[in-house]
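In this chain, residues are counted from 1 in sequence order. Counting starts at 1 for both ligands and their atoms, following the listed order. What you see below is based on every heavy atom in this structure, not just the backbone, and it leaves out hydrogens, waters and symmetry mates.
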Amino acid sequence: MNSQTKNQSMFQGPIVRQALRDSFKKLNPLIMMRNPVMFVVEVGTFITLLMLLMPYYFGVQDQMGYTIAVFVILFFTILFANFAEALAEGRGKAQADSLKKTKADTLAKRLNEKGEIEEVSSTELRKGDVVVVETGDLVPGDGEIIEGLASIDESAITGESAPVIKEAGGDFSSVTGGTKVVSDSIKVRITADPGESFLDKMISLVEGASRQKTPNELALNTLLITLTLIFLMVVVTLLPIAGYVGVQLQIATLIALLVCLIPTTIGGLLSAIGIAGMDRVTRFNVLAMSGKAVEAAGDINTMILDKTGTITFGNRMAAQFIPVGSSTETEARGAAVLSSLKDETPEGRSVIELAKSQGFTVDPAPYEQAEFIPFAAETRMSGMDVNGAVYRKGAVDSIQKYVQGLGGEIPADLKEKSDQIAGLGGTPLAISTGNQIVGLIYLKDTVKPGMKERFDELRKMGIKTIMCTGDNPLTAATIAKEAGVDDFIAESTPEDKIRVIRDEQAQGKLVAMTGDGTNDAPALAQADVGLAMNSGTIAAKEAANMVDLDSDPTKIIEVVSIGKQLLMTRGALTTFSIANDIAKYFAILPAMFTVAIPQMEALNFMNLNSPTSAILSALIFNAIIIPLLIPLAMKGIAYKPMPAAALLRRNLLIYGLGGVIAPFIGIKLIDLAVGLFV
Ligand SMILES: Nc1ncnc2c1ncn2[C@@H]1O[C@H](COP(=O)(O)OP(=O)(O)OP(=O)(O)O)[C@@H](O)[C@H]1O
Ligand SMILES: [K+]
Ligand SMILES: [Mg+2]
């Protein structure tokens with residue numbers, strides 16, 4: 001989101017004007033049918049229109065003024081509901097427009113089979129193509145860096161102007177189409193066909209094009225339809241009852257009564273509440289793939305985080321070579337470099353760089369034929385086999401098992417020295433040559449600032465945080481303490497992460513997971529809410545149902561608040577709407593019958609001007625309550641962390657009781673105003 005669109009208020013001129021136009025477009029019955037409550041109002045409006053066009057046929061020629069009034073108020077009721085929805089959609093549409101400008105065609109430098117560059121339009125790129133992107137170029141499509149390192153300006157997507165470093169191998173290798181390389185040059189393998197890019201997805205998300213009703217919304221809709229049918233029957237059965245007591249009920253009055261009784265307030269605002277909730281999430285720079293994910297976030301009990309790149313910055317760098325046993329530092333360094341010679345991960349490259357800074361370089365030529373053992377999350381090791389010699393580096397426990405398997409001994413000082421590194425929150429990597437452990441690499445990483453306060457906030461919301469890391473228990477404990485998570489699981493494989501999530505889910509808990517690596521992808525998919533870091537790999541982003549463009553794992557706090565707010569707002573306005581309708585019933589019914597049954601006057605405790613004025617006032621109140629509640633529907637009712645029961649009690653009191661009282665006051669005031677004209 002770029003920053004101008006992000007800050008747009010919902011009541012900005014162009015958005016309001018567009019929403020007004022859209023309110024009329026949405027009158028189309030085919031669109032209207034998606035909202036059954038408002039569709040009933042539209043049918044009622046249409047019937048009153050017919051009565052106006054053919055008054056003699058309906059026998060209403062002497063009540064034209066009254067019929068016109070009912071028609072106009074009904075018409076505005078629909079427009080107001082349409083306006084609420086159009087306004088909620090407005091900012092997303094504006095955002096989509098500005099993103100579409102980013103999507104302009106760019107020239108791509110594609111490599112052909114001979115390895116020559118040919119210039120093609122970015123729209124011709126397909127999955128698997130390899131392109132070269134140089135300083136000043138726009139990245140022509142989503143992809144993974146396969147060679148090189150570059151700093152990239154991602155502001156077109158994230159709104160953040162500071163460039164980020166992306167490099168081949170590891171968890172920071174994905175690039176997004178539309179971002180700009182500001183220094184160096186990279187080779188990128190394209191991972192998305194045209195029309196399926198991240199930007200395309202983002203556009204259709206903010207535009208609401210792929211918006212689907214959530215299970216909660218569907219359930220509420222069923223309730224609203226049921227209520228509508230019940231009241232339709234109530235109103236229809238009034239006809240014979242009225243006939244029995246000798247009252248001639250007018251069709252316009254019956255329609256007015258029906259519209260007042262059915263839940264038009266929530267029916268008119270329901271989709272606006274959902275859209276506005278999604279929009280609030282987007283404004284926090286989080287892309288939610290579905291409204292369902294946002295609502296699930298509102299009910300989260302447990303949150304699983306990975307350590308490196310999520311809680312820490314993730315640019316783990318080798319800081320020191322430490323010999324163990326009888327080895328020297330030179331031996332340790334030498335073995336570390338050989339084990340990293342072909343390790344393209346940031347950790348591997350940082351080993352080479354550290355050695356270089358210490359004046360030690362290796363000519364790679366003799367190792368052209370060597371067998372490279374790439375790092376894998378399962379083995380937690382990497383290395384190289386050459387001429388019968390084996391060099392490995394990896395998690396201390398993995399290397400220990402590995403050399404023991406080869407009949408090697410564990411140096412006595414290994415534990416003490418690796419614990420020292422872990423005690424500082426660093427990651428110790430053991431280095432081995434053959435079946436001998438020769439030293440340790442100290443990988444340094446830093447906890448992102450402000451984590452502790454943010455995790456405190458999550459605790460107040462009643463959410464338990466668990467850090468799941470592939471790292472050793474001591475490093476994990478140190479980082480867990482520094483970051484302030486509730487619990488941690490060390491030495492976990494990708495399967496362990498899924499198992500933790502499944503265990504929590506089996507206890508009936510809703511689980512959120514944040515992560516950035518390809519090894520996090522299965523867990524991100526398993527979680528109810530999967531929040532991937534935008535800095536992370538493509539696999540992680542595809543598996544997740546949310547992406548944080550700022551790569552801040554604690555953003556889940558905002559998403560949880562918004563989810564809770566969304567659920568609360570919907571509940572509160574439903575309560576208000578139904579309470580409201582009941583109150584209107586008592587305003588209208590006495591008015592309808594006082595003409596024939598004077599005793600009914602006793603029920604007219606509101607002392608309204610006339611039956612006509614009573615009905616019109618109720619109908620006007622019913623209409624204007626919709627625009628009056630638009631700001632509340634859009635902003636959501638305030639959420640303060642407190643127990644669910646207290647929250648429910650508070651909302652029932654405010655919105656239930658308020659819903660009963662408000663119509664009496666509102667209708668009385670409108671009746672006074674109407675009395676001036678009628
Ligand atoms: N390039 C590498 N070569 C050898 N071993 C590595 C390399 N990178 C990491 N390791 C070791 O493997 C362990 C697991 O690393 P990985 O990045 O997969 O962790 P993870 O499960 O994603 O957890 P987190 O990201 O929270 O650290 C690391 O703690 C480290 O000991
Ligand atoms: K109503
Ligand atoms: Mg990781």
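- For ligand 1, the polar-atom distance check against K307 finds a nitrogen or oxygen pair separated by under 3.5 Å.
- Summarising the local packing, CZ of F372 is surrounded by more than 12 heavy atoms from other residues, nucleotides or ligands at distances under 6.0 Å.
- At a cut-off of 3.5 Å, with distance as the only test, no side-chain donor of Y402 or T379 sits close to an acceptor on the other residue.
- Contact atoms of ligand 1 toward T308: 24 (P), 25 (O), 26 (O), 27 (O) (distance under 4.0 Å to a heavy atom of the residue).
- Classification of the F71-F75 ring pair by plane angle, with boundaries at 30° and 60°, yields parallel.
- Inspection of the N472 and S418 side chains reveals no N or O donor paired with an N or O acceptor under 3.5 Å.
- Around the CZ atom of F313, the shell of radius 6.0 Å holds more than 12 heavy atoms that belong to other residues, nucleotides or ligands.
- A heavy-atom distance below 4.5 Å is found between the side chains of E504 and K464.
- Contact analysis puts K497 in contact with ligand 1, with a non-hydrogen atom separation below 4.0 angstrom.
- For ligand 1, the polar-atom distance check finds no N/O of N472 at less than 3.5 Å from any of the ligand's N/O atoms.
- Against a heavy-atom cut-off of under 4.0 Å, G394 is close to the following atoms of ligand 1: 4 (C), 5 (N).
- Atoms of ligand 1 found under 4.0 Å from any heavy atom of D306, numbered from 1 in the order shown, are 22 (O), 24 (P), 25 (O), 26 (O).
- Residues E495 and E378 have side chains in contact (heavy-atom distance under 4.5 Å, counting atoms from C-beta outward).
- Using a 4.0 Å cut-off to heavy atoms of D471, the atoms of ligand 1 that qualify are 29 (O).
- No part of D171 comes within 4.0 Å of ligand 1, judged by heavy-atom distances.
- Heavy atoms of other residues, nucleotides or ligands lying less than 6.0 angstrom from CZ of F360 number more than 12.
- Contacts of L443 with ligand 1, taken as heavy-atom pairs under 4.0 Å, are absent altogether.
- Considering the K ion (ligand 2) as centre, the angle to OG1 of T264 and to O of C260 is 160° (10° rounding).
- Rounded to 10 degrees, the OD1-metal-O angle spanning D581 and I262 at the K ion (ligand 2) equals 90°.
- D496 has its side chain out of reach of I489: every pair of non-hydrogen atoms, C-beta onward, lies at least 4.5 Å apart.
- By the criterion of a heavy-atom distance under 4.0 Å, both the backbone and the side chain of T469 are placed next to ligand 1.
- Close N/O approach between D520 and ligand 1 is not found [any backbone or side-chain N/O within under 3.5 Å].
- Note on L261: not counted as a metal contact of the K ion (ligand 2), no N/O/S atom lying under 3.4 Å.
- The closest side-chain donor-acceptor pair between T518 and T537 falls under 3.5 angstrom.
- Near A395, meaning under 4.0 Å from one of its heavy atoms, ligand 1 places the atoms 31 (O).
- The K ion (ligand 2) has an N, O or S atom of N622 closer than 3.4 Å.
- Of the polar atoms of S382, at least one N or O is found under 3.5 Å from an N or O of ligand 1, judged by distance alone.
- Every atom of ligand 1 with a heavy atom of D343 under 4.0 Å away is listed here by number and element: 1 (N), 2 (C), 3 (N).
- For the 3.5 Å distance criterion, the side chains of S577 and N580 fail to qualify, holding no donor opposite an acceptor.
- Remark: among candidates A490, G170, G470, the nearest residue to atom 19 (O) of ligand 1 is G470, based on non-hydrogen atoms.
- Between I262 and V41 there is a side-chain heavy-atom pair separated by less than 4.5 Å.
- The option with the heavy atom closest to atom 22 (O) of ligand 1, from among D445, I373, N519, is N519.
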